[in-house]
Every structure is written in C-alpha cells, then in structure tokens.
Amino acid sequence: MLPLAERLRPHSLEEYIGQEHLVGKDGILRQMIERRTLSSFILWGPPGVGKTTLARIVARCLERPFYTLSAVTSGVKEVREVIEKAKRNSGLFGSGNAILFIDEIHRFSKSQQDSLLGAVEDGTITLIGATTENPSFEVISPLLSRCQVYVLKSLTKEDLLTLLHRALTEDEYLKTKNIQVQETDDLLRFSGGDARKLLNIIDLLTATGDEPDNEPIVITNQLVRNCLQENPLAYDKDGELHYDIISAFIKSIRGSDPDAAVYWLARMIAAGEDPKFIARRLVISASEDIGLANPNALLIANACFDAVSKIGMPEGRIPLATATVYLATSQKSNSAYLAIDNALAEVRKSGNLPVPLNLRNAPTALMEELGYGKDYMYSHNYPNHFVRQQFLPDGLQNTHFWQAQGSPAEKKIADWMQHLWGDNKSEK
C-alpha cells in the first residue's frame, strides 16, 4: 500500500491545503494558471509544505509536458537529455513548452545550473525548482535572474487540522478503521507545520497488527508521545535555519532578553549544534555587543569556550547557559567595535601615512641622526603616567575613532580621557 502522504497527494488547487498567498483567489500561481501563462520560478520553503505537489498541479492544469529531475541523483548529462527530449517534443502537445521540475535544486553544482541557462533563456523549458535553502545563497545569479522566487510557509494549525480531517474522511483505508481523535496538541507539535510528517505520523498511529476488526484507535497526546518518543527538530547545520537561529540567539543577547537567548540556545543544543560554534559566537558577542561596558563579559565567554572544549556535552550546556545569561543581562556597548571599523575606514581612505618621527624606533646611529625617536616622551616619567604628545600621523591629530557610550563603565573611562586630553588630542 502506498504511504498516506502519497495517497492523499492533491491533484488540483481546490484540494491543495495552505499557501493561500500563492494559490488563493488573488495568488500569483492561480493567476498564472487562469491566464495560461507560465514563467520559470523557484519554490522556496521548509520540507512538507507542498512544493512538489504544487509543481505537478501547475503542469496538470496547464496540460504541459512535465519532466522531473532530482539534484541528488541527476547531473549535467541527465539535464541535457531532458532538454533534448523537450526540444524534440516541442509543439507536439500544442499546449506550450515543457516544464522541468528540479527537486532540491540547491544541491546542483554551478556547472549543473549553468547547463540549464540556455534552455530557460530560449524558452525550450519552463523551470520550476524546489529548495529548502535560501536561493540567493545556493542558486547562481544568472539562473536566479531568470526565475521568480516564491516563498512557501509552514502549514498553520488550521491547515494541519484540515488535512487530518481529510485523511480520516477521504482515505479509503482509514475510513475502514474506527479512529477517534481525542487530543491533537502533540500531533500538531510533532508535525511542525509539515504535511508529510503529519500524514506519516497518522500512518504510524493507525498501523494495526492482530487487533480485532473495528477495535477503536484513540488518538491522544500520550499515544503520540509513546509512538514517537522524541521530536526530531528541523535543523540543518549547513542550511538557512542554522543561520536564522544563531542570528536570533545573538540578537536576543544584544537586546538584553535572557529568556529568548536561552530559548534559542536550547533550540541549538536540542538539534545537536556544535557547542564550540555556539561558544565562539558568545566570544564575538562579548566583544562586539558588550565590550567596554563590562570587560568581564569577554573573560566569561572565553572561560565558557574553554570549559565546553574540555568537558563536551551534555554538561557543556551549563557553561553555555551561564555565559548566555551573563551576556544577555550585561550592559551593552559597541564602541570598540565601531572604533576599529572607523579606523579601518580611515586607513582605506588615507593609505599608509608615515609614522611620526617621535614614535619611530632608532636602533642605528643613522636613524638617530635622521631624527627617529627624537622628542619622544616616556609616559611613565610624568604625573599620572601621562604626557600629551602626538601619536597619530600628521593630518589625523584631532581624529576620534572611539566614542564613549552611555554605560557607567564607559562614562568613567570618558571622564578620565577628558581629564588627560581635554578636547584636543593634538595639544602638547
């Protein structure tokens, strides 16, 4: 018997669930079908939201020849064979050019994607690609420029409940079963917005062995948990969700929300993220977002990285959580981060300005005769271990790359700098 997900695969837009922004009354794909005009596009969305199904529905509604390739098993040779077949069959069907559907197009290499360009450009094929990864990262620019990108969303709770009802009332096999749905919370939670996963879970829950005919199958949260044991989280260490979650993690720390930061930390830990990767990002955050407002943050982050490297997981979650909460609750400053970027911008603009003579080393007599090191004043010989002199190249004497921000720690530093230098650093 075919899996439930295949038995219930929709064959028309009326049967299709979700993605109203694309297939609803004013949706762009519905308009394409109604106008019988089709341009190449890429469907980008998480697994199990109907990318392949939607491509098949478009081809069926427009009565176009439909070819499919999987980027996992196909190469340039297979692409060229399909293009040649499309050319030979061109005009035979009287309904427009062929549609080539490529699943997981993000796995195609540059050369494989290059092999599509000519056929897409001259209209030999209309390309429909499907990907779970951000096309702007994974699809070459020339091909991307020839395609529209349409984003598919995870199915909502209402979408999944509609699909559940359809499965229980329309599938010929399930209609023979005495299925009673008492609770759906865990069923929906474990599905995670994925239609295929929901239907696979229903398949698992309703599989029967030697039970008497018509024995009731009562779907409860406990039954779901017993069958599935744990929820395999959606998380691709090399994919977009990986970068989205670490971005949310760092931005929560920067935004001083320890609860959100710990939540995103837990998401990464539960999905098996490399703890050293998380610890490295904590070190960066301590420097970039907290900096001089609390210099201890960098020490804590470094200690966390050291601890995680030594003890590994699962115990490593504890120093990771400690550092995360500490950084999230620390006062924030990015003054050092801005200072180095300001200085780098000046270096790119002004180039290799000469080092002032008084700051140069004079290891030889000739260099001393040329004035290297002349008039340099040793700071420790003066009160407060400070004496005013020029340290920046000529022309930059009055330039300020670092600006104190509002934390008490930086205000104290700024007051001390004002006491030493006043407003004009070029004064001597």
Side-chain angles (χ1 to χ4, degrees), residues 46 134 154 185-186 188-190 192-193 225 229-342 402-416:
N134 190 327
S154 295
D185 289 346
D186 279 4
L188 300 180
R189 178 174 65 87
F190 278 69
R225 288 195 295 270
Q229 299 301 315
E230 65 176 85
N231 187 6
L233 296 172
Y235 192 85
D236 182 351
K237 293 183 184 179
D238 298 317
E240 190 191 4
L241 190 58
H242 160 84
Y243 295 105
D244 284 346
I245 289 183
I246 194 63
S247 175
F249 175 62
I250 294 302
K251 288 173 180 173
S252 299
I253 292 174
R254 183 180 299 142
S256 299
D257 188 335
D259 299 306
V262 168
Y263 168 79
W264 294 119
L265 173 64
R267 284 282 297 271
M268 290 186 286
I269 291 173
E273 179 60 85
D274 180 359
K276 291 184 181 179
F277 168 75
I278 304 172
R280 282 194 295 270
R281 298 307 298 262
L282 288 171
V283 172
I284 296 169
S285 177
S287 303
E288 177 181 347
D289 297 316
I290 298 168
L292 296 175
N294 180 7
N296 284 331
L298 183 56
L299 300 178
I300 295 291
N302 266 311
C304 170
F305 185 88
D306 185 51
V308 167
S309 300
K310 289 177 179 176
I311 66 177
M313 297 295 280
E315 291 81 1
R317 75 190 189 283
I318 304 169
L320 285 171
T322 301
T324 296
V325 173
Y326 186 88
L327 267 59
T329 55
S330 287
Q331 294 195 7
K332 305 298 189 295
S333 170
N334 67 340
S335 65
Y337 170 78
L338 294 177
I340 186 58
D341 281 357
N342 291 338
W402 176 74
Q403 299 287 342
Q405 296 180 354
S407 69
E410 285 203 63
K411 187 176 184 304
K412 186 176 180 181
I413 295 171
D415 290 344
W416 178 242

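Since we're looking at a predicted model, the values are computed, not measured.
For residues 302-315, the side chain to side chain donor-acceptor pair (under 3.5 Å) pairs, not counting sequence neighbours, are D306-K310.
One distance of note links CZ of R225 with CG of D186; it measures 4.5 Å at 0.5 Å rounding. Interatomic distance, Y326 OH to C304 SG, rounded to the nearest 0.5 Å: 13.0 Å. Here E273 contributes atom CD and I246 contributes atom CD1; the two are 7.0 Å apart, rounded to the nearest 0.5 Å. One finds the CG atom of L298 at 4.0 Å from the OG atom of S287 (value rounded to the nearest 0.5 Å). In this structure, N294 CG and S407 OG are separated by 9.0 Å, a value rounded to the nearest 0.5 Å. A distance of 8.0 Å separates CD1 in I269 from CZ in R317, rounded to the nearest 0.5 Å.
Put simply, the side chain of Y337 reaches to within 4.5 Å of the side chain of D341, judged on heavy atoms. Put simply, the side chain of P319 reaches to within 4.5 Å of the side chain of I311, judged on heavy atoms. Side chains of T324 and P258 form no contact here, defined as non-hydrogen atoms less than 4.5 Å apart.
Minimum interatomic distance between W264 and S252 (heavy atoms only, all atoms of both residues): CD1-OG, 3.5 Å. Shown here for L292 and S335, the closest heavy-atom pair between the two residues is CD1-OG, 4.1 Å. Between S330 and S256, the shortest heavy-atom distance links the atoms O-OG, 4.2 Å.
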Output a table of donor-acceptor pairs, distance under 3.5 Å, between side-chain atoms of residues 277-285 and any protein atom two or more places apart or on a different chain; print 'none' if there are none.
residue	atom	partner	partner atom	Å
S285	OG	D289	OD2	3.3

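The backbone N or O of L327 sits less than 3.5 Å from a side-chain atom of K332, completing a donor-acceptor pair. With Q405 contributing its side chain and N334 its backbone, the two residues share a donor-acceptor pair below 3.5 Å.
Considering only residues two or more places apart in sequence or on other chains, K412 meets the salt bridge (Lys or Arg N to Asp or Glu O under 4.0 Å) condition with none of them.
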